Asker: 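Structure in structure tokens, see below.
Protein chains get the first letters and strands the later ones, always in sequence-line order, with residue 1 at the start of each. Since this is a predicted model, take the numbers as computed values, not measurements.
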Amino acid sequence: MCGRITQKSNAKKLGLGLASADHVVPGVAPPRYNGSPGQEHWVIREQPETHAYSLDRLWWGLIPHWCKDPQGDRKPINAKAETIASLPSFRDGYKKRRCLVPIDNFFEWKAIKGAYKQPYAIGMKSGAPFALAGIWENWKRPSTEEWVRTFTIITTEANDLMRPIHDRMPVIIGPADYARWLSPDEPDPRDLLRPYPAEPMTMWPISSRVNKPVDDDPEILDAVGI
DNA sequence: CCAGACGTTGTT
DNA sequence: GTCTGG
DNA sequence: CCAGACGTTGTT
DNA sequence: GTCTGG
């Protein structure tokens, strides 16, 4: 599963060669060294009309458009690849509002029976940013009429690298498939929702300092070993 | 018909 | 135990 | 995901 | 908004 990410590279790199974010005001988009659900993160989308790609900040935790009061309701941070095409909360987004979440790493906790959990960082051997598959939604806050944009990350079964620590992992989209995943002309690209090959990936144990959901502590860099 | 849910994970 | 907040 | 709280009243 | 359960 996937409940913590890093977006430490600059916006140019996190655009993955598809999108840029030069319109973003400096200072409003700090790097995420230990990013959590409930925070804003970089997300790449395709504009339906112009087919241009954009890199924007969306809230992690999907709020369906029909939701009255997300205070009381849950905001799913993950959606299962196996069921996303049919579940009421996800199927419209899956058809029409797919996105890529560009990251440097994600974290996973290995549950050790009767004991602590050991956090791990997972990334590419190359150190390059890569893309997770997501879907997003628009939601209008009734009190202020303001539009809120949220996303959720799709999960699938673990690959050989991750299976020792966890039975699920986020869906990773390779560069060759960016365009297909984002294209509104592909209503059901479910063949992309499979475990990513283990070979280009790497994984290492990190300090449990990352347990604390604080992502602006510079010392977190040591914890992650970056 | 209306009311109520709508999600995932892990752990017991 | 379960929910909210980061 | 984990950490931390775990409450009520009335008024804006 | 749409589906399930009573």
Asker: For A/Tyr94 and A/Trp181, take the angle between the two ring planes, folded into 0 to 90°, and tell me which bin it lands in: parallel under 30, tilted 30 to 60, perpendicular over 60.
Answerer: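 Ring orientation of A/Tyr94 relative to A/Trp181: tilted.
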Asker: Donor-acceptor pair, A/Arg97 side chain versus A/Arg45 backbone, under 3.5 Å?
Answerer: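 Checking the backbone N and O of A/Arg45 against the side chain of A/Arg97, no donor-acceptor pair under 3.5 Å is found.
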Asker: With a cut-off of less than 4.0 Å, is there a side-chain N or O of A/Asn78 near OP1 or OP2 of B/dT9?
Answerer: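 So the side-chain polar atoms of A/Asn78 never come under 4.0 Å of the phosphate oxygens OP1 or OP2 of B/dT9.
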Asker: Would one find a side-chain N or O of A/Arg168 under 4.0 angstrom from OP1 or OP2 of B/dT9?
Answerer: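 Yes, within the criterion.
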Asker: Could you work out which one of E/dT2, C/dG5, B/dT11 sits closest to the side chain of A/Ala111?
Answerer: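 Looking only at side-chain atoms, A/Ala111 lies closest to B/dT11.
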Asker: Under 4.0 Å, heavy atoms only, any strand: does A/Thr152 hit a base, just the sugar-phosphate, or nothing?
Answerer: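 If one applies the 4.0 Å heavy-atom cut-off, A/Thr152 turns out to touch nothing in the nucleic acid.
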Asker: It should be established whether A/Ser89 places a side-chain nitrogen or oxygen under 4.0 Å from OP1 or OP2 of nucleotide E/dT2.
Answerer: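 Looking at the OP1 and OP2 atoms of E/dT2, neither is under 4.0 Å from any side-chain N or O of A/Ser89.
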Asker: Measuring from A/Thr150:OG1 to A/Trp136:CH2, what's the distance to the nearest 0.5 Å?
Answerer: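 Separation between the atoms: 9.0 Å.
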Asker: Across the strands shown, which category fits A/Arg209 at heavy-atom distances under 4.0 angstrom: base, sugar-phosphate, nothing?
Answerer: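 Touches nothing.
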Asker: Check this for me: does any side-chain nitrogen of one of A/Glu199 and A/Lys125 sit under 4.0 Å from a carboxylate oxygen of the other?
Answerer: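 A salt bridge links A/Glu199 with A/Lys125.
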Asker: D/dC1, D/dA3, E/dC3: which one has an atom nearest the side-chain heavy atoms of A/Lys212?
Answerer: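 Nearest to the side chain of A/Lys212 among the choices is D/dA3.
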Asker: Using a cut-off of strictly less than 4.0 Å, decide whether A/Lys117 has a side-chain nitrogen or oxygen near OP1 or OP2 of D/dC1.
Answerer: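 Answer is no, no contact under 4.0 Å.
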Asker: How far, in whole Å, is D/dA3 from B/dT11 if one measures between their P atoms?
Answerer: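 Comparing P positions in B/dT11 and D/dA3 gives a spacing of 13 Å.
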Asker: Suppose you measure atom P in B/dG7 against the same atom in C/dG1; what distance do you get, rounded to whole Å?
Answerer: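 The answer is 25 Å between these two P atoms.
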Asker: Could you tell me how far C/dT4 sits from B/dC6 if I compare only their P atoms? Round to whole Å.
Answerer: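 Roughly 15 Å separates the two P atoms.
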Asker: So, does A/Thr155 get its side chain near the phosphate of B/dT9, meaning an N or O under 4.0 Å from OP1 or OP2?
Answerer: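 Checking B/dT9 against A/Thr155, a side-chain N or O does come within under 4.0 Å of OP1 or OP2.
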Asker: Does A/Glu82 come within less than 4.0 Å of A/Arg168, counting only side-chain N to carboxylate O?
Answerer: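 Result for this pair is yes, salt bridge flagged.
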Asker: Where the side chain of A/Arg91 is defined as all heavy atoms beyond and including C-beta, which of C/dG6, B/dT9, E/dC3 is the nearest nucleotide?
Answerer: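 Side chain of A/Arg91 sits closest to E/dC3.
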Asker: Just call it for A/Phe106: base, sugar-phosphate, or nothing, with non-hydrogen atoms closer than 4.0 Å on any strand.
Answerer: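 A/Phe106: no heavy atom of the nucleic acid under 4.0 Å.
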Asker: How long is the line joining CZ of A/Phe151 and P of B/dT8, in whole Å?
Answerer: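 About 17 Å, once rounded to whole Å.
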Asker: Could you say whether the aromatic ring of A/Trp66 and the base of B/dC6 stack, counting only centre distances under 5.5 Å and plane angles under 30°?
Answerer: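 Taking the rule of under 5.5 Å and under 30°, the ring of A/Trp66 does stack on B/dC6.
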Asker: Scan A/Asp216 against the nucleic acid and name what it touches under 4.0 Å (heavy atoms): base, sugar-phosphate only, or nothing.
Answerer: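 Since no nucleic acid heavy atom lies under 4.0 Å of A/Asp216, the category is nothing.
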Asker: Between D/dC1 atom P and A/Ile77 atom CD1, what is the distance in whole Å?
Answerer: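 Rounded to the whole Å, the gap is 6 Å.
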Asker: For A/Leu62, which contact category applies under a 4.0 Å heavy-atom criterion: base, sugar-phosphate, or nothing?
Answerer: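 If one applies the 4.0 Å heavy-atom cut-off, A/Leu62 turns out to touch nothing in the nucleic acid.
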Asker: Are any of A/Lys75's side-chain N or O atoms less than 4.0 Å away from OP1 or OP2 of B/dG7?
Answerer: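 For B/dG7, OP1/OP2 do not have a side-chain N/O of A/Lys75 under 4.0 Å.
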